[in-house]
Number of protein chains: 2
Amino acid sequence: MVSERFPAPVDLDLRLVQCFTVVAEHRHFGRAAEALHTTQPSLSRQIRRLEQQVGARLLDRTTRGTRLSEAGEVFLPRAERLLRDAAEAMARTRAAARPGSITVGYTRGLVVTAAVRALRDRHPDAEVHTRLLDWNDSRGALLEHRVDAVVTRLPFPTDRLRVTVLHDEPRVLVVPRDHRLAGRESVTLDDIADEPIPHVRQSDPLLNAYWRLDPRPDGRPAPEGPLVEALEDKHELIAAGRAVAIGPPLDHATGLHPSLTTVPLRGVEPSQVVLATRAGDRGRLVTAFRKHAEELLTGTHRAGPARTP
Amino acid sequence: MVSERFPAPVDLDLRLVQCFTVVAEHRHFGRAAEALHTTQPSLSRQIRRLEQQVGARLLDRTTRGTRLSEAGEVFLPRAERLLRDAAEAMARTRAAARPGSITVGYTRGLVVTAAVRALRDRHPDAEVHTRLLDWNDSRGALLEHRVDAVVTRLPFPTDRLRVTVLHDEPRVLVVPRDHRLAGRESVTLDDIADEPIPHVRQSDPLLNAYWRLDPRPDGRPAPEGPLVEALEDKHELIAAGRAVAIGPPLDHATGLHPSLTTVPLRGVEPSQVVLATRAGDRGRLVTAFRKHAEELLTGTHRAGPARTP
DNA sequence: CTGGTGTCATACGCGGACCGTATGACGTGT
DNA sequence: ACACGTCATACGGTCCGCGTATGACACCAG
């Protein structure tokens, strides 16, 4: 009979848990190892260690890849929650230790330099960090305290957040340089009515529908395109001439693929660039950054004067 | 300007978090190290590593001991939650992997052998574990899935639990062998009206009040006694003649201090030995154990026939 | 049946991290 | 001023986990 007196000291390595979530996502040790910047044997051992710590086999290895076992299905959501909670605990603790610190997030193609510089000038003692975020990570990054303010584009769920529109941004068509529409002054939806537009798996369905303009204003569904994993894959696909996409007005300095170009898209609602912070956040630096952003980040991409709708 | 692309891989070692909670509890590196079965320098380094991972100073070391810093106050409750969640995730995953396994918890002085043996006989393929629990840990151990059933004594909060009374148990007075009341057939509350009764810090206030019989039936508060950390300390205190206590009918085979003895206490409500499981738990083995416990564990300490109030 | 391909597991040498012992620095109370 | 108790640092030894190379095994095609 096994009897133990002390609550077994928690022996669960969160780094291994993180490895597990990545393997569960890829269902493949080799590719997961690549994503984790390690090697397949090392990852294999890490999963083995994790399984030993948990005391249950989490993955069913087959010769054609890897699947979650029944226990793995139980563990995965809890593992993800543990990782989120751990990250939030660290972020909030750090924030409590350094009230004179703020992290500003932004997404590709948006420039927060002016507002950040203004904040640094007015608060020379403050630590101001900036952080590039994934397209669909703004809300999570705020709520998990990885950042304290975000400049990004709608749409995303805004509850528990305070969101202020900074300016409109026209949507543009992204095509290869040698596409039939490349070089045009502008295009309309009619010009691309039959062009397939890819789905991005990593993005929210809301976000996919918004940027694919699905459904179209006339109510028809957007032409289905292939499913790609990440935005980079989408750009590769476009460069290969297999699809086009609609996006914000990126240029080659802010992450646009070298062999792609953009054409203004007329006749559709522009996207909106917003400043978002946590709804209840009354922090000194957050408030100050709001002020500077609302003042300096309006109309960045427009020739005309700033306007706040 | 610091910009990072990837969500910083969670680098938080839960073993270090565990160390932190223990140091926070003891406010003393040396004693915390002892509790963790390690040495003070090692613990000092572990806390340093944790502070480096979190990115904030968690403890204010002084020459008179150690206190929580402001950041530490923020981190501590989250740390404890992380550890609980991690333990629960592991327990539930293990349970999912081995549906033919059950862990039965019990507290000192209670014997579950009969029911456990019956369960093993009827389910020879099942893994049946037993686990000695702290007095005030029954509810937590159940809800965190460290155990699936518990035999222990009231009182404790019973919501989200299914609790069945197995039998009554007289409360007894615990005194040194050479105490004036030792050897008496029985005593009443009047005999000990002025005897100081210690508080146990590790126990719930509810539990302290119950076993100290505070307030007494006549409405008067129980005489205050010293504050001790753990039950073992209380027994040492009684052995030293500095206090007496009221407890369940332990004997020397089930954890009673060698130089102590017990005297039946008349005229007070007996305590109740109960079987507790999670309210929603419909597990095959749990149900089976309930049956055997209700059948075999009633009246264990009474000469008379079993009875289920 | 047999060779090829792709999967995950294992063998092995090495570097780095962590531990325990011994000792130091430092504020505190007598 | 001295002794005491607390936490920090120095140092050598050990073990753990990584990366490279290789193996075992299932599947597929011919």
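In this text, all values refer to a predicted model and were calculated from it rather than measured experimentally.
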Check your understanding: Do the non-hydrogen side-chain atoms of B:Phe20 and B:Leu76 ever get within less than 4.5 Å of each other?
Key -> yes
Take the protein atom [atom1] of [X] and the nucleotide atom [atom2] of [N], then report the distance between them rounded to whole Å.
| X | N | atom1 | atom2 | value |
| --- | --- | --- | --- | --- |
| B:Arg48 | D:dT9 | CZ | C1' | 9 Å |
| B:Arg67 | D:dT6 | CZ | C1' | 13 Å |
| A:Glu51 | C:dA9 | CD | P | 8 Å |

I'd like a table of atom pairs between the protein and nucleotides 18-22 of chain D - only N or O on both sides, under 3.5 Å - with the distance next to each one.
from	atom 1	to	atom 2	distance (Å)
D:dC18	OP1	A:Gln46	NE2	3.1
D:dC18	OP2	A:Ser42	OG	3.4
D:dC18	O5'	A:Ser42	OG	3.2
D:dG19	OP2	A:Thr38	OG1	2.9
D:dG19	OP2	A:Thr39	OG1	3.3
D:dG19	N7	A:Arg45	NH2	3.0
D:dG19	O6	A:Arg45	NH1	3.0

Point to revise | side chain to side chain contact (heavy atoms under 4.5 Å, CB included) against A:Arg67, all qualifying residues, sequence neighbours excluded | key: none
Point to revise | For B:Ala35, side chain to side chain contact (heavy atoms under 4.5 Å, CB included) partners two or more places apart | key: B:Val22, B:His26
Check the interface with nucleotides 23-30 of chain D: list each N/O to N/O pair with the protein under 3.5 Å, or write none.
none

List the atom pairs, with distances to 0.1 Å, where a side-chain N or O of residues 39-46 of chain A and a protein N or O form a donor-acceptor pair under 3.5 Å, not counting sequence neighbours.
from	atom 1	to	atom 2	distance (Å)
A:Ser42	OG	A:Gln46	NE2	3.3

Exercise for review: Tell me which residues in residues 28-36 of chain B put a heavy atom below 4.0 Å from DNA chain D, sorted by number, or none.
Suggested key: B:His28, B:Phe29, B:Gly30
Under 3.5 Å, which donor-acceptor pairs do the side chains of residues 77-89 of chain A form with other protein atoms, sequence neighbours left out?
from	atom 1	to	atom 2	distance (Å)
A:Arg81	NH2	B:Asp85	OD2	3.3
A:Asp85	OD2	B:Arg81	NH2	3.2
A:Glu88	OE2	A:Arg92	NH1	3.1

Revision key, fill the gap. Tightest non-hydrogen contact, residues A:Ser101 and A:Leu285, listed as N-CD1, 3.6 Å
Review point. B:Leu237 and B:Pro198: which non-hydrogen atoms are nearest, and at how many Å?
Key: CD2-CG, 3.9 Å
Review point. Distance-only, no hydrogens or angles: does the B:Arg131 side chain make a donor-acceptor pair with backbone N or O of B:Val147 under 3.5 Å?
Key: no
Go through the structure and list residues passing salt bridge (charged side-chain N to carboxylate O under 4.0 Å, His left out) with [X], not counting sequence neighbours.
| X | result |
| --- | --- |
| A:Asp281 | A:Arg278 |
| B:Arg15 | B:Asp13 |
| B:Glu34 | none |
| A:Arg139 | A:Asp159 |

Practice item. Could you check which of D:dT9, C:dA9, C:dC8 has an atom nearest any side-chain atom of A:Thr66? Key: C:dC8
Check your understanding: Under a 4.0 Å heavy-atom cut-off, which of residues 54-62 of chain A touch DNA chain C?
Key -> A:Arg61, A:Thr62
Practice item. Enter the distance from A:Ile47:CD1 to A:Phe29:CZ here, rounded to the nearest 0.5 Å. Key: 5.5 Å
